[in-house]
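Because only heavy atoms are used, hydrogens play no part in the values below, and waters and symmetry mates are left out as well, while side chains stay in. Just follow the structure's listing: the first ligand is 1, and inside any ligand the first atom is 1.
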Amino acid sequence: MKNIVLLTGAGVSAESGLATFRGPYGLWEGHRVEDVATPEAFRRDPGLVHAFYDARRARLETVKPNAAHAALARLDAEWPGELLLVTQNVDDLHERAGSRRLLHMHGELTKGWCLACGERFRWRGPMGEDACCPSCGEQGQVRPDIVWFGEMPYEMERIDDALQACDLFLSIGTSGAVYPAAGFVQTARHCGARTLEINLEPSLGSFMFDESRIGKAGELVPEWVDEVLQSAHSRPISR
Ligand code: BV8
C-alpha cells in the first residue's frame with residue numbers, strides 16, 4: 001500500500017466544537033441550503049448569506065484542531081508514499097494541525113473572491129455586503145470563496161488522478177450525502193483500492209466500503225494512523 005487518498009467531512013471537526021450540517025443543531029437546522037449556500041441565494045439576499053458565513057468565520061476563531069486533525073497531520077509528515085487529503089470542510093483546522101498535502105474541494109471560510117477582478121485572497125473577520133476588494137478596490141463585489149450547490153468543486157482533475165492511483169481510500173466524518181464527493185469511494189473501488197470509512201454512524205455509502213469503523217474520529221483516527229505507520233515501518237515502501 002503506497003498511495004493514500006483521505007476524504008474528510010464535517011464530522012472530523014465536530015469534536016473541535018464546529019457544527020456539522022445534518023442532524024440536531026446542524027447548520028442546515030437553522031437555514032435552508034437554498035437560502036444560504038447557492039449562487040441564486042447570494043444574488044437574492046447577499047446580506048443573509050454574508051451573515052451565515054461571517055458567523056461561521058467568527059466561530060472558527062474560537063476553536064482549535066482536535067486529535068483526529070493532529071493524527072492526519074502526523075501521517076502527512078511521516079507517510080513515505082503518495083498522500084492527498086481532500087476535505088469538504090471550509091474550516092482551516094487541517095492546516096492549523098499541520099497538514100500540507102491537502103486541498104479544499106468546497107473552498108475556504110478564510111478566503112474571499114472578488115467578482116469584479118476575479119482575485120482570491122485571505123480574509124479574516126466579517127465580510128458583509130460593502131467589503132472592498134484588497135486587489136482592485138471595488139466595493140460590494142466580494143463573496144466568500146466557497147463552492148455553493150450547483151457550482152463546480154475545486155481541483156476535480158487532481159482529485160480524480162489521485163483516486164485513479166490510490167491503493168487505499170479512507171473517508172472520515174462524512175454522511176455521503178453530497179456529490180461528487182459521495183461518489184469518490186466508487187471511483188477508488190473501481191480502480192482497485194481498499195476502501196475504509198471511519199464515522200459516528202454508517203454513512204449513506206457505507207455498503208460501498210470494504211470496512212466501516214463506527215465511532216468518534218478523535219479516537220479512531222489516531223488508532224488507525226498508528227496502525228498504518230507501524231505497517232509502513234515494518235515493511236518499508238520502495239518508492
Ligand atoms: C456540482 C460548502 C456540478 C458550503 C458544500 C448527483 C446526485 C444527486 C445530486 C447531485 C449529484 N451531483 C450533483 C448534485 C447536486 C449537489 C448535491 O450533491 N446535492 C445533494 C444535497 C443531493 N451537488 C452539488 O451541487 C455540487 N456541485 O454538482 O456541480 C458538477 C458536475 C459534474 C462534476 C462535478 C460537479 C457542489 C456541492 C458542494 C456544496 N458546498 N459546502 C458550506 O460549507 O456552507 S457541501 C457541504 O455539505 C459540505 O462541504 C459537505 O460536502 C456537505 C455536508 O456533508 P458532511 O460534511 O458529510 O456533513 P454532515 O453533517 O452531512 O455529516 C457529518 C457526518 O459526520 C455524519 O455522518 C455524522 O455521523 C458524522 N460525525 C459526526 N460527529 C462525528 C462524526 N464522525 C466521526 N466522529 C465524530 N465526532
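Salt-bridge check for E223 with R213: failed, with every basic side-chain N at 4.0 Å or more from each acidic carboxylate O. Contact check on R96 versus D91 returns no salt bridge, with no Lys/Arg side-chain nitrogen under 4.0 Å from an Asp/Glu carboxylate oxygen. Between R194 and E211 a salt bridge is recorded (basic side-chain N to carboxylate O distance below 4.0 Å).
Atoms of ligand 1 lying under 4.0 Å from at least one heavy atom of E15, given by number and element, are 78 (N), 79 (C), 80 (N). Atoms of ligand 1 found under 4.0 Å from any heavy atom of T20, numbered from 1 in the order shown, are 60 (O). If you number the atoms of ligand 1 from 1 as listed, the ones under 4.0 Å from a heavy atom of A14 come out as 73 (N). Within the listing of ligand 1, atoms 2 (C), 4 (C) sit less than 4.0 angstrom from a heavy atom of I146. In the vicinity of V147, heavy-atom distances shorter than 4.0 Å reach the ligand 1 atoms 2 (C), 4 (C), 5 (C), 38 (C), 39 (C), 40 (N). Each of the atoms 78 (N) of ligand 1 lies under 4.0 Å from some heavy atom of K216.
Closest heavy-atom approach to atom 63 (C) of ligand 1 within the set G173, G215, G183: this belongs to G173. The heavy atom nearest to atom 66 (C) of ligand 1, out of those in E201, Q88, M152, is found in E201. Comparing V178, I172, L220 by heavy-atom distance to atom 47 (O) of ligand 1, the nearest is V178. Nearest to atom 45 (S) of ligand 1 by heavy atom, out of H106, R56, M105, is H106. Nearest-heavy-atom check against atom 72 (C) of ligand 1 across G9, G11, S13 picks out G11.
At least one N/O-N/O distance between G150 and ligand 1 falls below 3.5 Å. No N or O atom of V90 sits closer than 3.5 Å to an N or O atom of ligand 1. Among the atoms of A217, some N or O lies under 3.5 angstrom from an N or O of ligand 1. Looking at A10 next to ligand 1, an N or O pair under 3.5 Å apart turns up. An N or O contact shorter than 3.5 Å links F21 to ligand 1 by distance. Between E151 and ligand 1, at least one N/O pair is under 3.5 Å apart. Between L200 and ligand 1, an N or O atom pair is found at a separation short of 3.5 Å. Inclusion of T174 in the set of residues having an N or O under 3.5 Å from an N or O of ligand 1 is warranted.
Heavy-atom separations between P153 and ligand 1 include at least one value shorter than 4.0 Å. The closest approach between a heavy atom of S203 and any atom of ligand 1 is not below 4.0 Å. The closest approach between a heavy atom of A177 and any atom of ligand 1 is below 4.0 Å.
Under 3.5 Å, the side chains of H69 and E15 contain no donor-acceptor pair of N or O atoms. Side-chain N/O atoms of Q164 and T187 include no donor and acceptor closer than 3.5 Å. Side-chain atoms of S175 and S203 include no donor-acceptor pair closer than 3.5 Å. Side-chain polar atoms of T110 and R57 form no donor-acceptor pair below 3.5 angstrom.
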Residues I146, H106; criterion side chain to side chain contact (heavy atoms under 4.5 Å, CB included); working and verdict: CA-CA 6 Å; I146 302 259; H106 293 161; 5.8 Å; no

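What you find for A182 and M208 is that their closest heavy atoms are O-CE, 4.5 Å.
Cation-pi geometry between R74 and W79 is not satisfied (NZ or CZ under 6.0 Å from the ring centre, within 45° of the ring normal).
At a threshold of 4.5 Å between non-hydrogen side-chain atoms, the residues C133 and F121 count as touching. A 4.5 Å side-chain heavy-atom check between L83 and N3 finds every atom pair outside the cut-off.
Each of L103 and V147 belongs to its own hydrophobic cluster when Ile, Leu, Val, Met, Phe, Trp and Tyr are linked at side-chain heavy-atom distances under 4.5 angstrom.
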